[in-house]
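What follows is one structure encoded as structure tokens, with my remarks underneath.
Because the structure is a prediction, the values reported are computed rather than measured.
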2 protein chains.
Amino acid sequence: MGRKVTARDVAELAGVSRSAVSMVLNGRGDGDVSPENQEAIRQAAAQLRYRPNSVARSLRNQATHTIGVVTDSVASGTYGGAMIAAASRVAAEHDFLLLVVDSHKDAQLEQDAVDLLQARQCDALMFVAEGLVPWQPPAAFHDDPCLLVNAFDPSGRALGIYGDEEQGGREAARLVLDRGHREVVHLHGTTDVVAVGRRIAGYRQKFEAAGLPVRLVPCGWEIDDGWEVGGRVLDEQQPTAVVCANDRVAAGVHLAAAQRGLRIPEDLSVVGYDDDPSLAAQLGLSTVQIPFDDMGAQAMRTLLAHLDGVPLPTADVELPSRAVVRRSVAAPAARGRRG
Amino acid sequence: MGRKVTARDVAELAGVSRSAVSMVLNGRGDGDVSPENQEAIRQAAAQLRYRPNSVARSLRNQATHTIGVVTDSVASGTYGGAMIAAASRVAAEHDFLLLVVDSHKDAQLEQDAVDLLQARQCDALMFVAEGLVPWQPPAAFHDDPCLLVNAFDPSGRALGIYGDEEQGGREAARLVLDRGHREVVHLHGTTDVVAVGRRIAGYRQKFEAAGLPVRLVPCGWEIDDGWEVGGRVLDEQQPTAVVCANDRVAAGVHLAAAQRGLRIPEDLSVVGYDDDPSLAAQLGLSTVQIPFDDMGAQAMRTLLAHLDGVPLPTADVELPSRAVVRRSVAAPAARGRRG
DNA sequence: CTGTTAGCGCGTTCAC
DNA sequence: GTGAACGCGCTAACAG
């Protein structure tokens with residue numbers, strides 16, 4: 001590769017000293033360098049396409065304008081990717097770049113990743129989880145400013161930013177309650193997932209406020225689960241609406257309903273969760289959107305502000321979920337009800 | 001943040017000079033430093049959790065162990081994400097990190113991105129396109145080793161790695177020819193997309209070799225296009241199989257077939273393209289997989305090998321596409337044929 | 001076998 | 001208004 005152009009080259013071409021170049025290009029030369037020399041320097045820099053070597057600059061400034069990101073699963077996953085893309089966009093607006101390392105949910109690799117990013121002198125660290133998880137930051141995490149995205153620190157030491165899952169549960173409930181449904185079953189996901197408890201809590205809150213029974217049925221996360229468990233529920237409980245653990249389960253319920261000759265939404269309303277980009281719109285599924293984009297963007301904004309001296313929030317930040325209304329929900333038809 | 005530990009600290013704790021630390025930790029101290037001192041150094045380093053400041057090391061070594069990636073669309077897109085994830089994985093295995101910048105298909109941003117990555121002293125540059133495109137690298141691109149992924153340089157100056165689309169067309173053709181179909185229509189995508197011409201060429205080749213007519217029908221890329229154009233084709237030409245521009249079009253053809261009471265695959269075989277992770281498996285669609293993962297991984301391997309002194313390939317590298325057989329193809333039923 | 005020294009390119013301070 | 005000198009932390013050449 002051809003020799004890189006340095007500040008010395010610019011200085012020579014402009015007929016000034018290297019320090020003058022540095023001052024002018026950093027906007028600090030106004031009282032120190034003559035206007036004509038400033039102009040000469042700028043021209044020389046442009047002519048040589050000079051860009052300061054940011055490695056040298058980082059070493060000198062003790063700041064790399066780089067945010068390290070540790071993510072627990074493929075950075076290209078649908079949801080993780082959205083958070084990281086949003087964070088990256090905000091970072092770019094502030095001339096920051098991201099260094100993303102995938103830990104593949106392996107604790108050792110995670111530790112290594114943090115070490116690596118610290119050695120690379122990232123100005124701050126970010127941990128991004130695909131699904132809301134408790135996360136104990138490695139000790140070294142606290143040496144630099146850090147933020148948890150879609151994760152929370154049980155010890156409360158690190159700040160977390162994540163979606164308000166309880167409110168998400170309320171939104172899901174509203175989607176059916178507002179249309180007058182009273183016979184509703186909630187096929188919820190496995191309770192090892194933290195978000196499930198919160199969603200159920202929000203869901204329960206709305207139903208109890210409406211004086212309606214809360215009917216919970218444990219279910220999995222896949223199409224098959226929705227088809228199987230959903231089918232059983234349709235047979236045994238004849239609900240007018242089903243609120244599902246996610247959009248895949250909702251897809252399964254769609255199939256189970258079709259199999260029984262039930263039309264959606266005329267005979268059965270279905271609510272999903274996640275707003276899966278490849279599923280929800282396609283099925284016309286009303287669903288609840290987890291604010292992945294907001295999380296990534298907001299986390300990055302918070303982190304960058306912090307680097308500018310703004311103190312971090314003292315408590316975790318919960319971002320609102322949004323209901324997306326499509327054609328899978330309607331008012332319940334007048335049909336036979338149980339007792 | 002607590003003061004970072006440097007080689008000087010390690011040297012003091014071990015009671016040796018800083019250069020001894022550097023040598024030992026870089027494995028270059030075997031003939032130069034006494035075993036006991038080596039041990040002392042290693043212990044001191046471990047005790048202090050010393051990690052060399054890689055910014056300083058980069059400045060000194062004129063190498064950052066970083067690959068810059070410019071991508072023309074959201075790095076989290078289904079396919080771009082897969083290529084970058086694969087590249088990232090291979091890079092990590094060699095202790096390289098990726099700096100990814102999204103140009104949003106904007107030529108100016110693209111130029112800025114290249115400048116930025118060069119200023120950051122990336123050891124090499126990679127351009128990743130979501131769909132196969134001709135791409136004229138900015139002049140500065142050539143200052144560093146560089147590689148185009150899913151893109152090719154019309155001027156032939158930069159090396160490209162991409163899927164063999166012509167072979168993909170052949171695979172799609174084989175999917176139906178091998179099962180004995182003779183009345184086949186190819187709903188191809190808009191010809192502004194480079195890959196389309198190549199796929200048609202491969203498709204044509206197989207059909208002409210079999211002595212069968214090549215029936216091409218221009219179509220778009222969306223579900224609606226498949227539904228509309230596919231429906232018309234089913235009505236007017238009664239093919240026993242349809243080969244589609246992509247999986248979304250194939251989904252549209254599924255709908256059109258269902259509407260006409262045609263069962264898949266009994267009455268109609270359908271072939272998609274792309275192996276869309278959210279569509280193909282779900283619909284049981286036989287399709288042709290574009291080797292995104294291979295492209296990313298292979299490109300990174302090639303680039304890293306080049307940094308180790310291995311010369312780059314002299315001609316573009318085309319990676320084979322793979323047919324994925326699912327239940328949407330079967331032998332044609334014996335039914336009325338046209339003259 | 002060890003320690004001293006000279007930069008990598010930049011930003012800043014301090015004499016001129 | 002300007003330019004020489006220093007140091008960020010590291011590696012490698014060279015003298016002891």
Hey, is the side chain of B:Gln62 poking within less than 4.0 Å of OP1 or OP2 on C:dG9, counting only N and O atoms?
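Answer is yes, contact under 4.0 Å.
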Tell me whether the OP1 or OP2 atom of C:dC10 has a side-chain N or O from A:Ser19 closer than 4.0 Å.
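Looking at the OP1 and OP2 atoms of C:dC10, neither is under 4.0 Å from any side-chain N or O of A:Ser19.
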Nearest-Å distance for atom pair [atom1]/[atom2], residues [X] and [N]:
X	N	atom1	atom2	value
B:Arg60	C:dG9	CZ	P	10 Å
A:Asn61	C:dC10	CG	P	12 Å
A:Arg18	C:dC14	CZ	P	19 Å
A:Glu12	C:dG9	CD	C1'	14 Å
B:Leu59	C:dA6	CG	P	18 Å
A:Asn53	C:dG7	CG	P	18 Å
A:Ile41	C:dG11	CD1	P	12 Å
B:Arg120	C:dC10	CZ	P	15 Å

Return yes if some donor-acceptor pair links the side-chain N/O of A:Gln38 with the main-chain N/O of A:Val33 below 3.5 Å, else return no.
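Between the backbone of A:Val33 and the side chain of A:Gln38 there is a qualifying donor-acceptor contact (under 3.5 Å).
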In which ranges does DNA chain C form stems of 3 or more consecutive Watson-Crick or G-U pairs, distances under 3.5 Å?
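Counting only runs of 3 or more consecutive pairs, the stems involving DNA chain C are C:3-16 with D:1-14.
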Sugar-phosphate only, base, or nothing, as touched by A:Ala7 at under 4.0 Å among non-hydrogen atoms
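Sugar-phosphate: the residue A:Ala7, judged by heavy atoms under 4.0 Å, touches backbone atoms but no base.
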Using a heavy-atom cut-off of under 4.0 Å over every strand shown, decide if B:Val55 touches base, sugar-phosphate, or nothing.
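Here B:Val55 touches no strand at all.
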Looking only at the side chains, is there a donor atom on one of [X] and [Y] sitting less than 3.5 Å from an acceptor on the other?
X	Y	result
A:Asp316	A:Tyr162	yes
B:Arg18	B:Thr6	no
A:Asp123	A:Thr64	yes

Ring centroids only, cut at 6.0 angstrom: are A:Phe127 and A:Trp135 within range, meaning strictly under it?
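Ring centres of A:Trp135 and A:Phe127 closer than 6.0 Å.
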Among B:Asn37, B:Val10, B:Ile41, exactly one meets side chain to side chain contact (heavy atoms under 4.5 Å, CB included) together with B:Val24. Which residue is that?
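Per the side chain to side chain contact (heavy atoms under 4.5 Å, CB included) rule, the option paired with B:Val24 is B:Ile41, out of B:Asn37, B:Val10, B:Ile41.
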Out of A:Gln298, A:Glu318, A:Met126, which one pairs with A:Ile161 under the side chain to side chain contact (heavy atoms under 4.5 Å, CB included) rule?
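Output: one option passes, namely A:Gln298.
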What are the 5'-most and 3'-most nucleotides of DNA chain D lying under 4.0 Å from any heavy atom of chain B?
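First and last nucleotides in contact are D:dG9 to D:dA12.
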In chain order, what residues pass the side chain to side chain donor-acceptor pair (under 3.5 Å) check against B:Gln108, with sequence neighbours excluded?
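With sequence neighbours excluded, B:Gln108 shows a side chain to side chain donor-acceptor pair (under 3.5 Å) to B:Asp112, given in chain and number order.
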Which one, C:dG7, C:dG9, C:dC10, comes nearest to the side chain of A:Pro52?
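Nearest to the side chain of A:Pro52 among the choices is C:dC10.
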Taking atom CZ of A:Phe96 and atom SG of A:Cys122, what is their separation to the nearest 0.5 Å?
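If I round to the nearest 0.5 Å, the distance is 10.5 Å.
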